[in-house]
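Here the structure is a predicted model, which means the values were calculated and not measured. Here is the naming used below: chain letters follow the sequence lines, and residue numbers restart at 1 for every chain.
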There are 2 protein chains.
Amino acid sequence: MSLRHALLGLLHEQPASGYDLMQVFNASLQNIWPATQSQVYSELTKLAASGLLTVSAEGPRGRKEYTLTDAGRAELQHWLVEVETDVHPRSEGLLKVFLLGAVSREQATGFLAWLGETADHDVAALEALDASIEWEDEDLHVYGRLVLEFAKRLAAMSREWSDWAVEQINASGGAPGQREQPEPQQPERQPRR
Amino acid sequence: MSLRHALLGLLHEQPASGYDLMQVFNASLQNIWPATQSQVYSELTKLAASGLLTVSAEGPRGRKEYTLTDAGRAELQHWLVEVETDVHPRSEGLLKVFLLGAVSREQATGFLAWLGETADHDVAALEALDASIEWEDEDLHVYGRLVLEFAKRLAAMSREWSDWAVEQINASGGAPGQREQPEPQQPERQPRR
DNA sequence: TATGACATGTAACTAGTTACATGATTCA
DNA sequence: TGAATCATGTAACTAGTTACATGTCATA
């Protein structure tokens, strides 16, 4: 149930509409906590109904601007510091690595290499993002920088790990990874996200 | 829809019952792809109904042993190498960091420090796990080792990042992180998972 | 014989996704 | 005036969680 708290957190800075909040999810939060438009709008409605937000203004085109209430701020702070945090999110990539014994050695190293390339792209994208932001001393920026730094370190680590992993597979015995070989893959293997 | 593929992947090694598979989820996959008992059983039923698995044996206490069919193996391989992989899982921890501007500076560094301690525990636990396994050259072990190594590097990286992050907050200006101070927290802050 | 491990299943719920529907306002 | 953007909403679905219900078998 983190989406509701993400919304409360974003509204801590300043009032915003559902549309505004969607921009934030699509821009800065897409890789941390993606959300769909329908989810954001319905959650805002529920949040307002339960008194954690209020509709503080209505604008053109039916725009509703939401503002955090005291109860909402209290709930946000409670969640931030007192509620248990899940620090081991599901990882589809690692799950695939774990199960790679089911495909040929070539396909396995292919997947690992693809993970490395993806990490490479991430490194570049995060570097560019970092350069594009004028970092000021505001709270949101301070904590946003911490997250960006984490993402950069994660991407760099992933890159190194992937290289190491490919080496490991190439080094580990000459026996094929599989009894039955599946027919060769079509060239386009991993769509980009 | 990765759970179905996780089940197919585990059954690639050898036939197993729902109960057997639950042990694997609770042991080796708990931090990568947790699953509940009810989810595993109902997914196995669906998988068998759609022909990706068959009930290859029935044992005492109604035990049903499932075996991967050719169609199941094909689906598994397809998913592993051809289906798009989500490499940016939702991270509740990073979401909280991003929103930490809503609490006091002390509470923020408290949370960051807790993340560091958690990473510390992880490092120790993973080291112990590594030592406890007799690594042989089998596929599952080879790829399992890759995952374990990733987890170790991630934990070590998180530990260093957390220290750096706490320093950043302490260094960044003397102004309090917040307008209104929430009342001081009760001592037990983050339950252990 | 009773406890614990083995073993499966259902029901009700919450969270998240996809697709569709609708309409207002701005501005080139 | 037509396209892009702003803006909100609903319906149907899939995935995942929590809680409960039921019964068998081994062994201490």
First and last nucleotide of DNA chain C in contact with chain A, 5' to 3', at under 4.0 Å to a heavy atom: what are they?
dA15(C) to dT25(C)
5' priority, DNA chain C, between Asp20(B) and Ala35(A) [closest heavy atom]
Asp20(B)
Most 5' of Gly18(B) and Trp33(A) on DNA chain C, judged by nearest nucleotide:
Gly18(B)
Would you mind reading off the distance between Gln23(A) atom CD and dT5(D) atom C1', rounded to a whole angstrom?
10 Å
Mark yes or no for whether [X], through its side chain, and [Y], through its backbone, hold a donor-acceptor pair below 3.5 Å.
X	Y	value
Ser91(A)	Ile32(B)	no
Asp122(A)	Ala119(A)	no
Arg73(A)	His12(A)	no

Across all chains, not counting sequence neighbours, the side-chain contact (heavy atoms from CB on, under 4.5 Å) partners of Gln39(A) are Leu3(A), Ala35(A), Thr36(A)
According to side-chain contact (heavy atoms from CB on, under 4.5 Å), who are the partners of Thr54(A), at least two apart in sequence or on a separate chain?
Thr67(A), Thr69(A)
Could you identify which residues of residues 36-44 of chain A place a heavy atom less than 4.0 Å from some atom of DNA chain C, listed by residue number, or say none?
Thr36(A), Ser38(A), Gln39(A)
If you link ILVMFWY side chains whenever their heavy atoms are less than 4.5 Å apart, which other residues fall into the same cluster as Tyr19(A)? By chain and number, please.
Tyr41(A)
What is the nucleic acid contact for Arg4(A), judged by heavy atoms within less than 4.0 Å: base, sugar-phosphate only, or nothing?
nothing
Counting the atoms with a prime plus P, OP1 and OP2 as sugar-phosphate, which does Met22(B) contact under 4.0 Å by heavy atoms, base, sugar-phosphate, or nothing?
nothing
Quick one, Leu52(A) and Leu68(A) - any side-chain contact, counting heavy atoms below 4.5 Å?
no
With the side chain counted from C-beta on, respond yes when Arg145(B) and His141(B) share a heavy-atom pair under 4.5 Å apart, and no when they do not.
no
Tell me, for nucleotides 22-28 of chain D in 5' to 3' order, what letter each nucleotide earns: B for a base near a protein heavy atom under 4.0 Å, S for only sugar-phosphate near one, - for neither?
--BB---
Using side chain to side chain contact (heavy atoms under 4.5 Å, CB included) as the criterion, point out the one residue from Leu112(A), Leu95(A), Thr109(A) that pairs with Leu100(A).
Leu112(A)
Quiz item: cation-pi between Arg4(B) and Trp79(B), 6.0 Å / 45°:
no
Test: Asp20(A) and Arg63(A) ion pair at under 4.0 Å:
yes
